[in-house]
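To start, the structure under review is shown below, and the notes come after it.
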Amino acid sequence: MSTIWLMKSEPAEVSIDDALAASNQTVPWFGVRNYQARNFMRDQMRPGDPVLFYHSSCPEPGIAGLAEVAGAPYPDPTQFDPKSPYFDPKSDPSEPRWILVDVKALRKIPLVPLGELRRHAPLSGMRLLARGNRLSITPVTRAEYNFIKKQFLG
DNA sequence: GCCAACGTTGGC
DNA sequence: GCCAACGTTGGC
């Protein structure tokens with residue numbers, strides 16, 4: 001049984017449109033620098049897991065598209081690039097600290113705003129909505145996922 | 001720009 | 001191992 005994920009991206013950096021325009025509609029999920037989120041990618045994600053593509057830190061935060069995990073985890077190359085904002089001088093190339101997966105965008109959806117998600121009781125347990133949540137990758141339950149699809153995607 | 005919440009760092 | 005200080009996230 002696959003796990004379902006919600007993954008936040010700043011659209012100014014990689015939007016759902018950017019992902020759909022990428023080669024094979026696939027983008028590496030670079031830049032995660034939080035151990036819990038890394039561990040989800042490294043230890044729990046499997047190719048084909050459904051992903052809700054969420055836009056954060058932008059004028060209209062919300063779910064912007066559907067995607068899926070596209071491959072096995074591998075080291076995030078930006079951690080070794082001194083010119084990258086995600087450069088991590090403490091990461092040893094022989095034992096990379098930051099791991100990512102590729103994500104394949106499937107389709108853009110009419111934006112489901114954060115405020116709309118908060119409005120529905122069946123979604124009140126979503127990790128995304130928890131007070132103080134900052135985690136950029138969170139699991140989504142099958143019930144939450146099904147509700148979102150039924151409610152917002154007809 | 002503000003600020004609540006949370007994660008990380010580093011001295012002890 | 002504790003915990004204060006600091007840095008970051010991310011909505012508003």
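Chain letters run A, B, ... following the sequence lines, proteins first, then strands; residues in each count from 1. Just so it is clear, the model here is predicted, and its values are computed rather than measured.
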Worksheet item: To the nearest 0.5 Å, how far apart are CD1 in A:I137 and CZ in A:F40?
Response: 8.0 Å
Worksheet item: For the rings on A:F53 and A:W29, is their centre-to-centre separation under 6.0 Å?
Response: yes
Worksheet, complete the sentence: CG of A:L52 to OG1 of A:T138, rounded to nearest 0.5 Å, is 8.5 Å
Worksheet item: Is a side-chain N or O of A:Q79 found less than 3.5 angstrom from the main chain of A:D76, in a donor-acceptor match?
Response: yes
Worksheet entry | Residues A:R33 and A:D88 bridged, charged N to O under 4.0 Å | no
Fill in: Annotated protein contacts, base or backbone, on nucleotides 3-11 of chain C with a non-hydrogen cut-off under 4.0 Å, one of B, S, - each
----BBBSS
